[in-house]
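Data first, discussion second: the structure below is written as structure tokens.
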Amino acid sequence: MRPLTEEETRVMFEKIAKYIGENLQLLVDRPDGTYCFRLHNDRVYYVSEKILKLAANISGDKLVSLGTCFGKFTKTHKFRLHITALDYLAPYAKYKVWIKPGAEQSFLYGNHVLKSGLGRITENTSQYQGVVVYSMADIPLVHIV
Amino acid sequence: MEGQNVEELLAKAERDEAEKLQRITVHKELELEFDLGNLLALDRNPPTGLRHAGPTQEAELRALARDNTQLLINQLWQLPTERVEEALVARLPEPTTRLPREKPVPRPRPLTRWQQFARLKGIRPKKKTNLVWDEVSGQWRRRWGYQRARDDTKEWLIEVPGNADPMEDQFAKRIQAKKERVAKNELNRLRNLARAHKIQLPSATGMHPTGHQSKEELGRAMQVARVSTASVGRFQERLPKEKAPRGSGKKRKFQPLFGDFAAEKKSQLEMLRVMNSKKPQMDVTRATNKQMREEDQEEAAKRRKMSQKGKRKGGRQGPGSKRKGGPPSQGGKRKGGLGGKMNSAPPALGGRRKGGQHHGGKRRK
């Protein structure tokens with residue numbers, strides 16, 4: 001387990017910033033506690049300082065996970081976000097897309113959303129913008145690739 | 001009026017003098033305890049005047065301090081004095097109060113190799129006498145050290161053993177053996193010391209030529225020998241079945257796990273600020289690469305022009321021909337030229353190499 005290097009932090013922030021933009025500051029600098037990113041076995045975990053101190057007592061090969069896994073760095077050092085990051089990205093998302101109940105199931109099983117399945121969308125969303133998909137009941141969704 | 005003022009001033013001065021003289025003597029109910037070696041005075045009188053704490057206690061506290069200091073100074077004046085280089089000095093007695101430790105208790109040192117062995121085997125140090133009777137000199141001599149009892153290097157007659165070369169110098173042989181023993185002892189002492197202070201020895205890569213070396217040590221020694229050439233091992237061929245060693249690169253250093261959280265946060269916020277600033281930040285490496293490329297192109301163009309002119313005028317020795325003095329001067333010019341554009345030289349040199357590599361292909365980064 002170790003902190004991220006400058007390069008790794010930059011790559012990760014760039015990826016996350018595609019979805020939440022400058023709200024990323026709110027993840028880094030939280031009023032209710034010190035949270036930090038730590039790398040363990042190529043996975044990035046978002047963990048509070050208290051839990052981190054507890055986790056330091058476990059040896060590296062026995063430690064499976066700590067805090068919330070945001071994603072992992074691939075072998076070629078690209079950052080891939082994971083589902084487990086959704087809980088932290090969804091509240092801060094800048095551009096949101098709501099899909100109709102009919103298209104929701106299809107989306108969850110990995111299919112594309114057609115235009116007819118689109119319920120609402122935040123205005124000024126540019127093409128190829130990173131968005132967070134919600135159901136009509138405001139539940140953030142993620143589809144299995 | 002003036003005369004009266006002057007009189008008043010004089011009277012006041014006189015009164016002050018009298019007061020000062022009075023205050024040398026201080027009356028205390030309980031005598032103070034003095035430890036003049038530490039310049040310490042202990043006042044055991046109950047501080048009745050200071051019962052009620054408040055902001056107005058300053059004057060009382062100051063008066064108390066003055067009185068006690070006066071008593072201490074009085075005691076100091078009673079000490080025997082002496083003259084040291086035109087200054088009158090009082091000789092303080094030995095301090096009586098015992099002060100606590102200044103530094104923490106020294107931690108136990110790691111055992112030396114002999115001590116570990118002795119502990120393992122249960123060997124206890126045998127009590128030996130310091131002096132031994134020396135027959136040769138007929139007196140009691142030390143067991144070891146200067147003028148010791150049985151010093152074999154000091155013998156005047158040595159029999160040549162049966163199997164030895166008759167031409168060999170036995171005296172020199174003994175002296176040589178002694179030197180080797182001393183050197184070995186010194187080495188072991190230093191090794192024990194290094195182990196105690198956890199310093200790495202210079203020959204820590206296992207390159208002691210004698211003695212049993214393990215496969216890993218031999219491998220490491222081979223690697224070091226391979227790299228010890230002028231080109232740092234770049235042109236050393238490997239043997240047909242020799243494999244490249246794993247993990248011989250530089251070890252990366254990471255930040256500590258619980259480093260300064262505030263500093264980490266600050267650097268991350270700074271990075272975010274830069275990312276969000278929506279202004280393209282000047283990439284210093286790119287800027288320097290670009291500058292160097294432009295200068296290279298200018299130089300090349302100039303050289304071509306000169307060489308063409310030289311050819312036309314019948315092969316005159318112009319500055320167009322390849323000159324050995326070219327690159328260093330170019331380097332110098334480059335450094336000077338970039339003084340305004342960048343802050344430090346090393347990134348420029350790094351950039352130069354990178355720029356050179358990507359010259360032909362796509363310009364990345």
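Here is the naming used below: chain letters follow the sequence lines, and residue numbers restart at 1 for every chain.
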Query raised in the report: With respect to chain B, which residue among A:Thr34, A:Leu4, A:Asp29 yields the maximal number of heavy-atom pairs within a distance under 4.5 Å?
Result: A:Asp29
**Report entry** Neighbours of chain A found in residues 251-265 of chain B - heavy atoms under 4.5 Å
**Finding:** B:Arg252, B:Phe254, B:Gln255, B:Pro256, B:Leu257, B:Phe258, B:Phe261, B:Glu264, B:Lys265
Query raised in the report: In terms of heavy-atom proximity below 4.5 Å to chain B, should A:Arg10 be classed as side chain, backbone, both, or neither?
Result: both
Query raised in the report: Mind checking whether A:His143 and A:Phe107 have parallel, tilted or perpendicular rings, split at 30° and 60°?
Result: parallel
Requested in this report: Step through the shown structure and confirm whether more than 12 heavy atoms of other residues, nucleotides or ligands are within 6.0 Å of CZ on B:Arg119.
Outcome: no
Query - Residue A:Tyr35 versus chain B: region with a heavy atom under 4.5 Å - result: neither
Query raised in the report: What part of A:Thr5 is in contact with chain B, defined as an atom under 4.5 angstrom from a non-hydrogen atom: side chain, backbone, both or neither?
Result: side chain
Query raised in the report: Is the CD atom of A:Glu6 crowded by more than 12 outside heavy atoms at less than 6.0 Å?
Result: no
Query raised in the report: Is there a donor-acceptor pair closer than 3.5 Å between any side-chain N or O of A:Lys18 and the backbone N or O of A:Gly130?
Result: no
Query raised in the report: CD1 of B:Ile123: more than 12 outside heavy atoms within 6.0 angstrom?
Result: yes
**Report entry** Ring geometry between A:Phe70 and A:Phe37 (parallel below 30°, tilted from 30 to 60°, perpendicular above 60°)
**Finding:** perpendicular
Query raised in the report: More than 12 heavy atoms of other residues, nucleotides or ligands under 6.0 Å from CZ of B:Arg238: is that the case?
Result: yes
Query raised in the report: Can you name the side-chain hydrogen bond (donor to acceptor under 3.5 Å, both in side chains) partners of B:Glu270, sequence neighbours left out?
Result: B:Arg273
